[in-house]
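Here the structure is laid out as C-alpha cells; the discussion comes afterwards.
Because the structure is predicted, anything quoted here is derived from the model rather than measured.
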Amino acid sequence: MTSKSVSAPAARTASVHPENLKQALLLAGRGLRVFPLLAGMKRPAFAGWQAAASTDPAVVRAWFEGDYADANVGIATGDGLLVIDADGAVGKASLELIKSVIGVDLGLVVDTPSGGRHAYLTIPDGQWVPNGVKSLTDYPGIDIRADGGLVVAPGSVVNGTPYATVHDGDMPLAPQWFVDTIVAGKKPREKADSQPLADLDTEPNIARAIEYLRGAAPGAIAFAAGDLTTYKVAASLKDFGISEFACSDLMLEHWNETKAEPPWDADKLMSIVANAYAYGTSRPGVKDAMAEFDAVEIAGPANDNRSPLAFARPIDFGDLTPPARESLVDGMVPLHKTTLLTGDGGVGKTLVAQQLATAVCADRLWFGRSVKPGRVLCVFSEDDTDEIWRRQIDINRSMDLTMADLGGMNLWTADHIPDSGCVMMSFPREHPEGKLMPFFARLQAAVALLQPALVVVDPIANMFAGNELSRTEVTGFMNRTLNRLCIEHKTTAIALAHPSVSGMADGSGRSGSTGWANASRSRLYMSRPKEDLEGDYRTIRTTKANYGKMGTELRVRWDRGAFVSTDGLDPAMETDRALLAALRVLAGRGEWFSPKKQAGNFALTLARAAPEIRGYDRGSLEASYERLMRSGAIALSVGTRRNNGHPYDEIVIQTAPEQEPDNVFGM
C-alpha cells in the first residue's frame, strides 16, 4: 500500500482522546492510510482527505492530539487496500460464499453498527479497482470499497455503537483472478486498441469536450461510486477524440472543481483517466464526427483537401517564410524541446541548472549567453529546501540579484516529493509499453497552471522506473513525459542525468541507452578539464545540437558558491584579478604582509589559503604576484614595528579598484 504524507490542517488545542489516537497509530503502523472523520459520524472531517490520508505517525498525532482528538478514525481504501463491505445478514451470507470461492482466510474482519461486516484484503500496488455499490450481482448485499473510497476503522463509534474487530490477523492478498473477474465486472479487463480513429485534440473536439464537461457530464460523489463515474466521464472524452493528456487537463479545468464532490487531487484523477484510456473498450475518437464519415471523406483524390488526416504539404508553403528557430539559451538550448544536461556526480549540474533557472526568471545572461525570459518550475528531488535556499543566496550574489527579483521562480524540492516518490512513468509487466504515474499528473497540472518557460527535472533517474539500457522504454518515457510537456504546453525542459562510464571515458557524456540522446533535441555535457581535476574549473559543451553548432563550449569557475564565466578572459588577467581580490580581503581584516618568501606572513603564502584563489596552481600565482608588483597594484613599503620602533619592509595593497593600471586588467 502506498503511503502519502500531507501536512495536517492546523490543529487547535483540544482534549486528547487516547483511544482514538492509539487506534489511529496502530492502524497506520499496519500500513493503512488513516485520517479523521467527524466525531460520531462516517463523514470525513475535511475536504481533500483522499490525498491527506497518511501512515506517518507525526501527521496522525497532529490530527488526533489536536483539532480532531474526538474524531472517529477513517481508513482510505485503494492504493493496495480492498475492503469487502457486507450489508446485513444477506451481505454476511454472501461474504461467506466469497470466502469459499476465493479460497483465502480473511485476516482482519470488523463488525459494523448496522449489522454488517468489513473484510480487509490487499491488492498489488498499482492495481486500480473501482468502488462498487451493489455491483456484484451474484453476491447480494456486497459493496466494494477501493480506489477513492473509505471505511470506518475498528474502534470508532457511530450512533453509540462501536465498529468491533471480530478477527484480527494479517490481511491476505486477493487472488488476481478475483480482482479481474468478480470486482471488475466478472470479465477480465483487456487493454483496448489505442490506435485513434481520427485526429485527436482538434479544435472542434476540444470545444465539444468542454461543452460536455460543463453541461451533460455527470457529477462524481465520494462514497457513491464516484471514481466509476469519473472513469466514465474520461471514457466519454476519449470517445470524442481527446488524448489522454488533454483529457486530464480538461477535466481538471472544466469539471473537477464544479462536479466532483469533493474534487479529486490531480494525482488520483490522472490515475483514473489513465485506466479509462487503457481499459476502455472503444478506440480513441470513435464518436468523433470525422471518424464517423471518413469513408465518404477519403473517397476523393489522394490530394483532396477534404481529407480528415492532417498533413503538412510543401505546396502549401508557397513563398512564405517559415518561423525562425528560437532558443531558450542562445545556441545551446532549443526552445520548446527537451535538453539533457549530463555530468558526473558532484560536478555541479544542479547548481548550473539553478543558475540557468535564475537567469531565465530574472532575464540575465547565463555565463555570457542570452536567454529567453519567463517563469520557471524546478523539480530538485535530491536537495531539500534549505540547501536550495543557501545556493540561491550565492547565485544572487554572483548575478547581483535579490530574492524579490525571483517572483516567477517555483521550486519543488525533496521536501515536496510525496512518499510515493516522483516516478513519472513505470514499466510493469502488465504495461510493457509504460504506465504514467500520478506524479506526472501533478507535474503536468503545475505546468498547465504556471505556463513556465523552463522546466528543470533533477535527476531524471528518479523519475524513470524502467530499464535505462532499453531504447524502447527510454524513448517511450521521454516522448510521453518531457517531450509531451514541451509540445502541449510550449515549455522547454532540462533533464539532469549521469553519464555512463563509457560516456565519461570518451567525453561524449552519453547516458545508458542511445534512446536518451535520440529522444532529446540537445545534449550538454558538464565536466572538469583534465588539466585541472583538483580545481574549480568546469566546461559545459554541446555534444548534440539538432538545431545548432556542435562543440559550443562554456568555461566556468566555481567562486564562493556559484559558477562564474571565464570565457573571453585572458588566463593571466583572471589570475591577477583573483589574487588581488584575495589580498584586498586579507588586508581589510588587518593582515600585514612580508615580502620575504620564507616568512610565515609572506603575502603569497597567506593568499593561497583564501577561497578567492582556490584551484589556481602555485606557478600561476607566483607569476601573477610578480606582475602585480611590477604594475604597482601591490607595492613594497617601509613601515615601523610597533614594539621597538625599528623599520621593516611590508607589502601594501591598493584598495581602490580604479587605481588598477590599464595594462594589467585591460580596462
Any side-chain heavy-atom pair of [X] and [Y] under 4.5 Å:
{"X": "L485", "Y": "Q444", "answer": "yes"}
{"X": "L81", "Y": "M171", "answer": "yes"}
{"X": "N256", "Y": "M251", "answer": "no"}
{"X": "L443", "Y": "L377", "answer": "yes"}
{"X": "N462", "Y": "V457", "answer": "no"}
{"X": "D147", "Y": "I272", "answer": "no"}
{"X": "M403", "Y": "I393", "answer": "yes"}
{"X": "K337", "Y": "S522", "answer": "no"}

How many angstroms lie between [atom1] in [X] and [atom2] in [Y], if you round to the nearest 0.5 Å?
{"X": "D383", "Y": "C378", "atom1": "CG", "atom2": "SG", "answer": "11.5 Å"}
{"X": "F380", "Y": "R391", "atom1": "CZ", "atom2": "CZ", "answer": "7.5 Å"}
{"X": "I75", "Y": "Y120", "atom1": "CD1", "atom2": "OH", "answer": "3.5 Å"}
{"X": "L32", "Y": "S54", "atom1": "CG", "atom2": "OG", "answer": "12.0 Å"}
{"X": "E473", "Y": "E468", "atom1": "CD", "atom2": "CD", "answer": "11.0 Å"}
{"X": "L21", "Y": "Y68", "atom1": "CG", "atom2": "OH", "answer": "15.5 Å"}

In chain order, what residues pass the salt bridge (charged side-chain N to carboxylate O under 4.0 Å, His left out) check against [X], with sequence neighbours excluded?
{"X": "R390", "result": "E387"}
{"X": "K372", "result": "E326"}
{"X": "E257", "result": "none"}
{"X": "R442", "result": "none"}

- Task: Quick one: which residue pairs count as a side-chain hydrogen bond (donor to acceptor under 3.5 Å, both in side chains) with a foot in residues 403-413, not counting sequence neighbours?
- Result: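 Every pair satisfying side-chain hydrogen bond (donor to acceptor under 3.5 Å, both in side chains) with a residue in residues 403-413: T385-T413, T402-D405, T413-H416.
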Can you list every pair that meets side-chain hydrogen bond (donor to acceptor under 3.5 Å, both in side chains) and has a residue in residues 355-371, with sequence neighbours left out?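 Checked against side-chain hydrogen bond (donor to acceptor under 3.5 Å, both in side chains) - neighbours excluded - the pairs reaching residues 355-371 are T358-Q392.
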Please check: side-chain N/O of [X] versus main-chain N/O of [Y], any donor-acceptor pairing under 3.5 Å?
{"X": "K349", "Y": "G343", "value": "yes"}
{"X": "T539", "Y": "R541", "value": "no"}
{"X": "Q354", "Y": "I388", "value": "yes"}
{"X": "R397", "Y": "R560", "value": "yes"}
{"X": "R480", "Y": "M425", "value": "no"}
{"X": "T339", "Y": "V333", "value": "no"}
{"X": "S156", "Y": "V73", "value": "yes"}
{"X": "H336", "Y": "K490", "value": "yes"}
{"X": "S527", "Y": "D344", "value": "no"}

**Asked** Which residue pairs pass the salt bridge (Lys or Arg N to Asp or Glu O under 4.0 Å) test when at least one of the two sits in residues 454-465, sequence neighbours left out?
**Response**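 Found none.
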Between the side chains of R523 and T543, is a donor N or O closer than 3.5 angstrom to an acceptor N or O?
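Distance-only check passes for R523 and T543.
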If you compare all heavy atoms of [X] against all heavy atoms of [Y], which two are closest, and at what distance to 0.1 Å?
{"X": "M424", "Y": "F439", "value": "CG-CD2, 3.9 Å"}
{"X": "P154", "Y": "Q23", "value": "O-NE2, 2.7 Å"}
{"X": "I242", "Y": "C247", "value": "CG2-N, 3.5 Å"}
{"X": "A562", "Y": "L351", "value": "CA-CD2, 4.0 Å"}
{"X": "A24", "Y": "V60", "value": "CB-CG1, 3.6 Å"}
{"X": "M463", "Y": "C422", "value": "CG-O, 3.2 Å"}

Which residues pass the side-chain contact (heavy atoms from CB on, under 4.5 Å) test with [X], sequence neighbours left out?
{"X": "I487", "value": "none"}
{"X": "S327", "value": "none"}
{"X": "P57", "value": "L25"}
{"X": "Q451", "value": "R375, H489"}

Please test V347 against V352 for side chain to side chain contact (heavy atoms under 4.5 Å, CB included), starting from the C-alpha separation and ending with a verdict.
CA-CA 10 Å; V347 77; V352 160; over 6 Å; no
As a test of understanding, state which of V329, T491, L356, V371 forms a side-chain contact (heavy atoms from CB on, under 4.5 Å) with L454.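 Of all the options given, the one that passes is L356.
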Q) Sequence neighbours excluded, which residues qualify as side chain to side chain donor-acceptor pair (under 3.5 Å) partners of D170? A)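 Residues passing side chain to side chain donor-acceptor pair (under 3.5 Å) with D170: none at all.
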- Check step by step if side chain to side chain contact (heavy atoms under 4.5 Å, CB included) holds for R538 and R528. CA-CA 5 Å; R538 306 287 190 273; R528 293 180 174 88; 3.6 Å; yes
